[in-house]
There are 2 protein chains.
Amino acid sequence: LSGPSLFADWGTTARRAWLVGRNGETLRSIEDDRGMTALGPEDWSAAFEQLKQGLGSPEPERSLLAGMVGSRQGWRETPYLRCPVGIDRLAAALVRIDAEAAIVPGVSFVAGDTADVMRGEETQVLGAVAAGLAPPDCLACLPGTHTKWVVVRGGLIVTFRTVMTGELFAAIGALATLAPLLGEPASEGADFTAGLDRGLAGDPLTAELFAVRAHALLGTGRIGNGAAYLSGLLIGADLRAGLGLADDAIVEVIGRSDLAGLYRSAIERMGRAARTIDGASAALAGLKRIAELAP
Amino acid sequence: LSGPSLFADWGTTARRAWLVGRNGETLRSIEDDRGMTALGPEDWSAAFEQLKQGLGSPEPERSLLAGMVGSRQGWRETPYLRCPVGIDRLAAALVRIDAEAAIVPGVSFVAGDTADVMRGEETQVLGAVAAGLAPPDCLACLPGTHTKWVVVRGGLIVTFRTVMTGELFAAIGALATLAPLLGEPASEGADFTAGLDRGLAGDPLTAELFAVRAHALLGTGRIGNGAAYLSGLLIGADLRAGLGLADDAIVEVIGRSDLAGLYRSAIERMGRAARTIDGASAALAGLKRIAELAP
């Protein structure tokens with residue numbers, strides 16, 4: 001390759017993109033809100049041109065895109081590769097947009113009544129492993145709108161589970177019953193921990209939520225920051241679903257630093273260790289490695 | 001009393017009202033959507049006048065109102081009576097609007113970190129008991145936006161728990177991730193049962209929801225009616241929270257017949273019996289009995 005490469009993690013609500021030189025150095029990067037939900041079916045090509053312009057490289061040598069850009073509502077639908085999946089299989093199954101650009105496939109897990117899918121997280125997780133940020137046998141947690149818990153064995157994604165923590169947090173925070181009580185931002189502290197312990201305890205979420213309102217109406221003073229309590233409750237439930245997938249002593253938390261911090265302290269409360277890995281670094285590492293392996 | 005009495009169950013989104021003659025016979029009844037959310041703080045008095053006109057009785061001998069009409073956002077705030085509470089205490093603690101009209105207080109439960117409140121359901125549950133529709137020792141389930149599970153011992157409400165099943169069902173059904181998959185109405189059948197079993201099994205709701213989408217994306221055919229599955233999932237979680245409150249062999253399900261039917265079949269699946277009681281009849285029985293007992 002003589003020219004630079006364009007790599008993008010193009011998701012539901014945001015996209016991150018990097019222009020990378022021949023020696024792997026990042027020449028320029030962009031992060032913006034031109035994710036899938038901001039784009040109609042006809043907008044992708046123009047949004048990609050605008051991305052290349054923004055990176056100062058109208059004609060990169062090659063482009064590799066991962067995430068919801070490959071979904072049915074994305075630019076070009078890519079298949080789901082069924083677990084177990086290593087990074088070499090991702091590279092071998094790229095779906096080409098044209099001679100220059102391609103999209104990374106997603107990953108699925110199906111067993112009996114269980115079914116799950118991911119797009120984008122496979123690139124982050126296997127990228128973290130490829131770059132030595134996470135070991136080839138690990139339990140990874142990618143917190144967010146749809147938290148993913150991913151079990152990696154011998155460098156292969158063998159199983160994973162999606163927990164709709166962030167999407168439910170937003171929806172619950174907008175409920176008529178609770179919205180007036182959730183004014184402050186969620187933060188660590190006693191209310192977060194109290195919610196966390198309730199979430200970990202295993203009673204249904206629907207049965208725990210009303211307590212936020214009842215405590216406020218009765219003026220018990222037990223819940224000060226309702227948003228922190230709710231955040232703890234949902235993260236507790238998230239951990240209850242995720243930590244059961246594998247008993248690795250260390251959990252690799254891949255994501256934004258603020259959210260990764262909340263998850264790390266929650267995981268530590270459960271008696272496991274947690275290591276945080278920057279989500280953007282993991283995505284870029286994955287895209288680079290896939291590009292190297294691509295036929 | 002020489003003239004008729006007006007009784008109303010005036011809730012969050014709906015109100016039901018009855019004009020009752022001296023011998024207890026219902027002369028006229030109304031059910032409409034002029035609940036609390038349809039009314040501003042200044043609208044209650046006019047809405048009450050309009051209700052009396054609608055019942056053909058501009059000047060009833062007395063009026064007794066139960067439900068959210070007594071909340072902070074209602075017409076006149078009434079206190080919460082702390083459990084245990086029998087129907088005589090409700091009657092002794094009425095809050096008067098004027099010489100003619102009064103509102104039934106709510107009920108609270110506080111113990112350690114647990115707090116809960118109800119307004120309206122106390123009248124239905126204790127009304128059902130007063131009318132002999134339910135025994136004085138029972139576990140009652142009032143399904144709805146906020147399902148209430150109520151333990152009655154010796155004719156007293158001793159503890160209860162709120163589960164936000166209906167409110168979450170609506171909020172989850174509106175999520176961008178799931179809404180397109182929930183077009184059909186929820187109904188009994190294989191998908192309801194599959195969701196019910198998952199909800200009863202105890203994994204977090206946030207971890208179960210994404211399966212609806214994953215099965216659809218992968219075309220597994222395992223979930224046909226997503227709304228029925230979601231309904232089963234939430235009702236399963238509801239039962240998991242409520243049935244643990246007391247081990248009564250028969251559960252008294254008080255409410256609308258469609259919802260009561262879904263709950264009855266779910267409860268029977270858990271090896272308990274269920275009896276359904278019409279919610280309106282229970283409310284009217286409670287209001288009548290409170291009026292008899294009122295000082």
Side-chain angles (χ1 to χ4, degrees), chain A residues 12 37 71-72 80 82 106 108-110 112-117 145-147 149 161-172 174-178 194 197-199 202-218 220 222-223 234 236-242 244, chain B residues 12 37 71-72 80 82 106 108-110 112-117 145-147 149 161-172 174-178 194 197-199 202-218 220 222-223 234 236-242 244:
Chain A
T12 303
T37 54
S71 73
R72 203 165 296 169
Y80 291 109
R82 200 156 163 177
S108 68
F109 177 79
V110 181
D113 282 341
T114 306
D116 216 324
V117 293
T145 303
H146 294 171
T147 297
W149 293 84
R161 187 158 197 197
T162 301
V163 189
M164 288 176 56
T165 301
E167 193 168 9
L168 260 285
F169 182 81
I172 290 167
L175 293 180
T177 305
L178 298 179
D197 287 346
R198 294 301 310 158
D203 268 5
L205 189 61
T206 40
E208 295 291 350
L209 287 175
F210 194 71
V212 178
R213 181 172 171 88
H215 279 289
L217 286 171
L218 297 171
T220 64
R222 290 257 180 181
I223 300 178
L234 285 164
D238 201 341
L239 261 60
R240 197 154 54 79
Chain B
T12 303
T37 53
S71 72
R72 202 165 297 169
Y80 291 107
R82 200 156 160 176
S108 68
F109 177 80
V110 182
D113 283 339
T114 306
D116 216 324
V117 293
T145 304
H146 295 170
T147 296
W149 293 84
R161 187 158 197 195
T162 302
V163 189
M164 290 176 57
T165 302
E167 193 168 7
L168 259 285
F169 182 81
I172 290 168
L175 294 179
T177 305
L178 297 180
D197 288 345
R198 293 302 310 157
D203 268 5
L205 190 62
T206 40
E208 295 292 350
L209 287 174
F210 194 72
V212 178
R213 182 173 171 85
H215 279 290
L217 285 171
L218 297 172
T220 65
R222 290 257 181 183
I223 301 178
L234 284 164
D238 201 340
L239 262 60
R240 197 153 55 80

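The sequence lines fix the lettering, A, B, ..., with proteins before strands; numbering per chain opens at 1. Please read all numbers here as calculations on a predicted model, not as lab measurements.
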Exercise. What's the spacing between B:H146 NE2 and B:T162 OG1 if we round to 0.5 Å?
Worked result: 8.0 Å
For this session: State the CZ-CZ distance between B:F109 and B:R161, to the nearest 0.5 angstrom.
Result: 10.5 Å
Chain B contact via [X] - side chain, backbone, both or neither, heavy atoms under 4.5 Å:
X      : value
A:I223 : neither
A:L217 : both
A:L209 : both
A:L168 : side chain

Problem set entry | Best-contacting candidate, A:R240, A:R72, A:R198, against chain B by heavy atom pairs under 4.5 angstrom | A:R240
For this session: Could you check which of A:D238, A:T165, A:T177, A:V110 has the highest count of heavy-atom pairs closer than 4.5 Å to chain B?
Result: A:T177
Exercise. Side chain, backbone, both or neither: which part of B:L178 has a non-hydrogen atom closer than 4.5 Å to chain A?
Worked result: side chain
Exercise. Of the backbone (N, CA, C, O) and the side chain (C-beta and beyond), which part of B:Y80 lies under 4.5 Å from a heavy atom of chain A, both, or neither?
Worked result: side chain
Problem set entry | Non-neighbouring partners of A:T37 that pass side chain to side chain contact (heavy atoms under 4.5 Å, CB included), sequence neighbours left out | A:T12, A:T13
Exercise. B:V163 and A:A207: which non-hydrogen atoms are nearest, and at how many Å?
Worked result: CG1-N, 3.8 Å
Just so I understand: if I count every heavy-atom pair under 4.5 Å between each of [options] and chain A, which residue has the most?
options                : result
B:L175, B:L234, B:L205 : B:L175
B:T220, B:T206, B:L218 : B:T206
B:E208, B:M164, B:R213 : B:M164

